[in-house]
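See below for the structure under consideration.
Throughout, a chain's letter reflects where its sequence line sits, starting with A, and its residues are numbered from 1. For clarity, every value in this text was computed on a predicted model and none was experimentally measured.
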Protein chains: 2
Amino acid sequence: MSEPKEGTVYLVGAGPGDPGLLTLRAARLLAGADTVVYDRLIHPDVLAHARPRARLLFVGKEGGGESVAQEEIHALLISQARLGRAVVRLKGGDPFVFGRGGEEALALEEAGIPYEVVPGVSSGVAAPAAAGIPVTHRGVAGSVTFATAHRTGPAPDWAHLAGAETLVLFMAGSRLEEVTLALIAAGRPATTPAAIVEAGTWEHQRVFEAPLAGIAARARQEAVGSPALLVVGEVVSLRARLPALARDA
Amino acid sequence: MSEPKEGTVYLVGAGPGDPGLLTLRAARLLAGADTVVYDRLIHPDVLAHARPRARLLFVGKEGGGESVAQEEIHALLISQARLGRAVVRLKGGDPFVFGRGGEEALALEEAGIPYEVVPGVSSGVAAPAAAGIPVTHRGVAGSVTFATAHRTGPAPDWAHLAGAETLVLFMAGSRLEEVTLALIAAGRPATTPAAIVEAGTWEHQRVFEAPLAGIAARARQEAVGSPALLVVGEVVSLRARLPALARDA
């Protein structure tokens with residue numbers, strides 16, 4: 001496991017929140033980086049792996065503010081690397097699971113900057129686990145689909161998503177009503193067990209359960225904020241049988 | 001991040017292979033465990049985190065041999081914990097992504113043994129990444145489905161799996177012919193880009209690409225062994241544009 005190289009950009013998954021879920025490779029790269037470019041939803045104890053003299057550049061969206069445009073992030077990564085710095089681009093979860101890591105890799109490739117991707121523990125698996133929900137389980141769910149409620153381009157194929165054995169929907173918070181109605185309209189029974197996991201694996205994690213038809217109202221009632229994952233499927237009912245797993249129990 | 005407790009079982013994801021993708025929490029638990037119960041496909045450098053005096057119990061399947069039955073593994077975990085030992089149950093990838101972690105957690109719950117799950121980096125994301133394939137990518141794939149070719153109970157819903165934007169199929173090696181024919185029969189175009197990733201993130205990783213209709217023949221020709229993941233979808237074609245990612249390039 002080598003030290004980070006000068007003039008190279010590392011696209012690094014920071015995991016879901018819990019700083020213990022950072023990888024050894026990510027910790028090593030952070031400890032050697034000259035520049036760390038990071039998003040919202042990175043735990044302070046993860047950033048604390050960076051050395052005191054590293055430049056920490058925040059490019060996330062805070063409160064109602066604007067996030068830094070994707071093209072600006074590309075330009076920043078390229079210019080920092082061209083200054084001969086070892087750059088860690090730190091992303092919540094995994095860089096390739098709705099993390100826009102592919103876009104950043106393509107921009108670096110086109111600019112001729114050396115880069116490397118370091119996968120992270122995805123929130124899509126770890127947040128349900130911390131809520132007591134295995135996303136797959138023999139005899140209950142032999143597949144799991146990850147999708148995002150925020151997407152550009154064509155609308156999601158709701159008929160396909162409604163047919164998922166387990167569906168994990170990222171960034172579901174603000175569109176929960178719309179999403180659950182669409183799934184039910186596409187054929188998913190309104191009684192399907194569903195859960196919303198807010199800030200999964202963080203100290204302030206919260207989990208709420210309801211049938212699919214009622215989960216949006218439940219989340220509104222509890223003022224669920226971002227980040228939140230929606231989990232839909234029979235695996236949600238395993239939660240009652242695995243009480244030791246639920247971090248917020 | 002506390003030390004492992006006596007009489008407790010930790011169901012720990014070891015990640016896809018590359019020992020740098022082990023989590024900090026997993027490394028800490030391994031360093032303090034009295035007993036480590038592990039499967040096939042755990043990198044020796046991961047096991048090296050265990051202390052010299054720890055009991056290392058192998059319960060995987062080697063060569064043509066029989067694997068230890070799931071019920072025997074449950075009994076072993078329970079008996080080791082009842083001896084007052086801190087037990088790490090180490091699994092390739094993540095315990096809840098086709099890792100049977102849910103079954104082990106249920107058995108421990110029923111036996112009244114304290115347990116904890118420590119998520120790991122899933123091979124389903126990391127192996128494609130190490131082959132230069134982002135499983136999601138803006139404008140190309142807004143969702144990804146993970147499924148397994150080995151399942152008990154009812155046959156997979158091929159129509160659903162054929163409709164996945166990105167499909168990642170675990171344990172695909174021995175059933176590749178059957179699986180690709182089923183996907184094409186269920187409506188996935190025969191020309192869809194596909195790749196097989198053998199031993200993803202390991203030093204001996206190999207990747208082969210072909211249209212869906214030809215990938216089984218290609219894998220046979222190259223004598224692809226286990227573990228192998230099949231990736232199906234337009235994201236596979238990003239690989240040609242991200243040559244720096246491919247570890248075996």
Side-chain angles (χ1 to χ4, degrees), chain A residues 1 13 15-16 18-25 27-28 94-98 100-103 105-106 109 114-122 125-126 128-130 134-139 142-148 151-153 156-157 160-161 163-165 235 238 241-245, chain B residues 1 13 15-16 18-25 27-28 94-98 100-103 105-106 109 114-122 125-126 128-130 134-139 142-148 151-153 156-157 160-161 163-165 235 238 241-245:
Chain A
M1 219 171 10
D18 176 350
L21 297 179
L22 192 70
T23 64
L24 299 176
R25 176 98 178 111
R28 170 76 74 97
D94 178 89
F96 282 171
V97 181
F98 312 120
R100 307 191 72 169
E103 290 164 76
L106 282 175
E109 183 77 45
Y115 61 95
E116 188 183 314
V117 170
V118 180
V121 172
S122 175
V125 174
V135 290
T136 70
H137 192 84
R138 201 165 269 234
S143 68
V144 54
T145 297
F146 298 116
T148 174
R151 54 185 284 166
T152 51
D157 178 350
H160 172 68
L161 297 182
E165 290 184 273
V235 290
L238 290 168
R241 295 170 60 198
L242 296 169
L245 291 186
Chain B
M1 219 171 10
D18 176 351
L21 297 178
L22 191 71
T23 64
L24 300 175
R25 176 99 179 109
R28 172 76 76 97
D94 177 272
F96 282 171
V97 180
F98 312 119
R100 308 191 71 168
E103 288 164 78
L106 282 173
E109 183 77 44
Y115 61 95
E116 189 184 313
V117 171
V118 180
V121 172
S122 175
V125 174
V135 290
T136 70
H137 192 83
R138 199 164 272 232
S143 68
V144 54
T145 297
F146 300 103
T148 173
R151 54 185 287 165
T152 51
D157 178 350
H160 172 69
L161 296 182
E165 291 185 273
V235 289
L238 290 168
R241 295 170 59 196
L242 296 170
L245 291 185

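For B/His137, the part sitting under 4.5 Å from any heavy atom of chain A is the side chain, from C-beta outward, and nothing else. In this structure, chain A has a heavy atom under 4.5 Å from the side chain of B/Ala27, while its backbone stays farther away. For chain A, the nearby part of B/Val125 is the side chain; its heavy atoms alone come within less than 4.5 Å.
Among residues two or more places apart in sequence or in another chain, the side chain to side chain contact (heavy atoms under 4.5 Å, CB included) test is passed with B/Thr136 by A/Phe98, B/Val144. Looking at residues two or more places apart in sequence or on another chain, you find a salt bridge (charged side-chain N to carboxylate O under 4.0 Å, His left out) between A/Glu103 and A/Arg100, B/Arg138.
Most heavy-atom pairs under 4.5 Å with chain A, from the set B/His160, B/Glu109, B/Glu116: that is B/His160. When B/Thr145, B/Val117, B/Val235, B/Leu161 are compared by the number of non-hydrogen pairs under 4.5 Å with chain A, B/Thr145 comes out ahead. Contact tally against chain B (heavy-atom pairs below 4.5 Å) for A/Leu238, A/Asp18, A/Leu22: the top residue is A/Leu22. Listed options B/Ala147, B/Pro95, B/Gly13, B/Gly163 were ranked by heavy-atom pairs under 4.5 angstrom with chain A; first place goes to B/Gly163.
Looking at B/Asp94, its side chain does come within 3.5 Å of a backbone N or O of B/Gly120 through a donor-acceptor pair.
Two residues are said to be in side-chain contact when any heavy atoms from C-beta on lie closer than 4.5 Å; A/Val135 and B/Val97 meet this criterion. Using a 4.5 Å heavy-atom cutoff, the side chains of B/Pro19 and A/Leu24 are not in contact.
Across all non-hydrogen atoms, the minimal contact from A/Pro119 to A/Thr23 is O-CG2, 3.9 Å.
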